[in-house]
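In what follows, a single structure is set out as structure tokens and then discussed.
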Amino acid sequence: MDESKILGLEQALASIQATPTTIELLRNLHTQALTEGVYFSTDPQPASTALDKFVALEPDKCALVYLLLRATGARHVVEAGTSFGVSTIYLSLAVKQNATSQNGTGQVIATENEPTKANRARQHWASAGDDLGKWIDLREGDLRETLKTNLPEQIDFLLLDIWTPLALPALRLVQPYLKIGALIVADNIISAIEGYGDLNAYLEDPKNGFKSTVVPYSGGLRVIVYVGYTSS
Ligand SMILES: C[S@@+](CC[C@H](N)C(=O)[O-])C[C@H]1O[C@@H](n2cnc3c(N)ncnc32)[C@H](O)[C@@H]1O
């Protein structure tokens with residue numbers, strides 16, 4: 001791994017509050033993820049080629065997501081696309097810390113279609129040092145089914161880090177529960193733009209109630225706020 005990636009990883013790890021065990025786990029997982037071959041869901045190669053790949057959110061994006069959650073006090077979070085559970089560690093750390101400081105409850109609803117990936121994710125969370133598993137409800141199976149029921153009354157944050165055809169269906173399922181001011185982060189919005197036509201059109205239609213900007217992280221990261229339905 002080159003120097004700039006090592007530096008970026010260390011900067012990301014320095015921006016979160018976690019036990020040394022969790023930090024070391026994240027360092028290892030990100031290092032494996034950053035050195036694997038690239039996979040994009042818009043590639044012609046079959047999705048099965050991604051079975052043994054992390055396809056994890058990069059460290060700087062994970063740090064941003066963690067800090068957004070901490071800044072907004074988010075406690076009810078949905079993650080579309082969990083894979084080996086790297087980004088989920090950041091989400092669950094923030095939810096645990098927010099819930100503890102607010103004396104409230106909280107949960108990350110994680111989603112993964114592939115049983116082998118779900119198992120690896122669970123192993124990673126069990127080996128983290130922050131007792132993270134109890135903050136995560138991992139729903140195995142196609143998220144178009146698993147997100148149909150049992151969502152919290154109010155959702156504060158949605159991470160869209162999923163194959164592009166699943167992004168809009170995930171958003172549509174979660175939208176009825178989004179609080180006004182909820183944040184949504186969608187990864188690779190520029191590098192996978194051809195796969196995101198339906199999502200972008202939906203977000204840009206004013207009647208759907210979203211405002212957003214694209215921040216210049218690798219591949220483009222769309223940061224979206226749910227402002228609610230408007231008549232204009
Ligand atoms: C980009 S990866 C997620 C990476 C993860 N957020 C991280 O940072 O570690 C997307 C994941 O979505 C999963 N996936 C694809 N289609 C799905 C579906 N219909 N329902 C649930 N998960 C799905 C894939 O198996 C893959 O592991």
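Atoms within a ligand are numbered from 1 in the order they appear, just like the ligands themselves.
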Give a yes-or-no answer on whether the side chains of [X] and [Y] include a donor-acceptor pair shorter than 3.5 Å.
| X | Y | answer |
| --- | --- | --- |
| Thr82 | Glu79 | yes |
| Arg222 | Asn200 | yes |
| Gln107 | Arg75 | no |

Determine whether any heavy atom of Phe84 lies closer than 4.0 Å to an atom of ligand 1. no
Can Glu140 and Arg122 be counted as an ion pair, charged N to O under 4.0 angstrom? yes
Can we say Arg27 and Glu10 salt-bridge, meaning some charged N sits less than 4.0 Å from an Asp/Glu carboxylate O? yes
Sub-4.0 Å atoms of ligand 1 with respect to non-hydrogen atoms of [X]:
| X | result |
| --- | --- |
| Val86 | 9 (O) |
| Glu114 | 25 (O) |
| Gly141 | 20 (N), 21 (C) |
| Gly81 | 3 (C), 5 (C), 6 (N), 11 (C), 12 (O) |
| Leu166 | 19 (N) |
| Leu57 | 7 (C), 8 (O) |

Can you tell which part of Asn113 has a heavy atom less than 4.0 Å from ligand 1: side chain, backbone, both or neither? both
Under 4.0 Å, heavy atoms only, figure out whether ligand 1 is touched by the backbone of Leu159, its side chain, both or neither. neither
Nearest non-hydrogen protein atom, [atom]:
| atom | value |
| --- | --- |
| atom 16 (N) of ligand 1 | Trp163 CD1, 3.7 Å |
| atom 2 (S) of ligand 1 | Val55 CG2, 3.5 Å |
| atom 20 (N) of ligand 1 | Leu143 N, 2.9 Å |
| atom 19 (N) of ligand 1 | Asp142 OD1, 3.1 Å |
| atom 7 (C) of ligand 1 | Ser87 OG, 3.2 Å |

If you compare all heavy atoms of Val223 against all heavy atoms of Val185, which two are closest, and at what distance to 0.1 Å? CG2-CG2, 4.4 Å
Using modelled atom types and a 3.5 Å cut-off, is there a donor and acceptor pairing between side-chain atoms of Asp142 and backbone atoms of Arg144? yes
What residue pairs, at least two apart or across chains, pass side-chain hydrogen bond (donor to acceptor under 3.5 Å, both in side chains) with a residue in residues 175-184? Gln175-Tyr202, Gln175-Tyr229
Under 6.0 Å between the ring centres of His30 and Phe84? no
Which residue pairs pass the ring-ring contact (aromatic ring centres under 6.0 Å, His included) test with at least one member in residues 114-153, sequence neighbours excluded? none
Close side-chain approach of Asn208 and Leu203, heavy atoms under 4.5 Å: no
On a heavy-atom basis, I'd like to know which of [options] is closest to [atom].
| atom | options | result |
| --- | --- | --- |
| atom 25 (O) of ligand 1 | Glu112, Arg139, Lys117, His30 | Glu112 |
| atom 3 (C) of ligand 1 | Asp187, Asp161, Leu91, Thr116 | Asp161 |
| atom 12 (O) of ligand 1 | Asn188, Leu147, Ile162 | Ile162 |

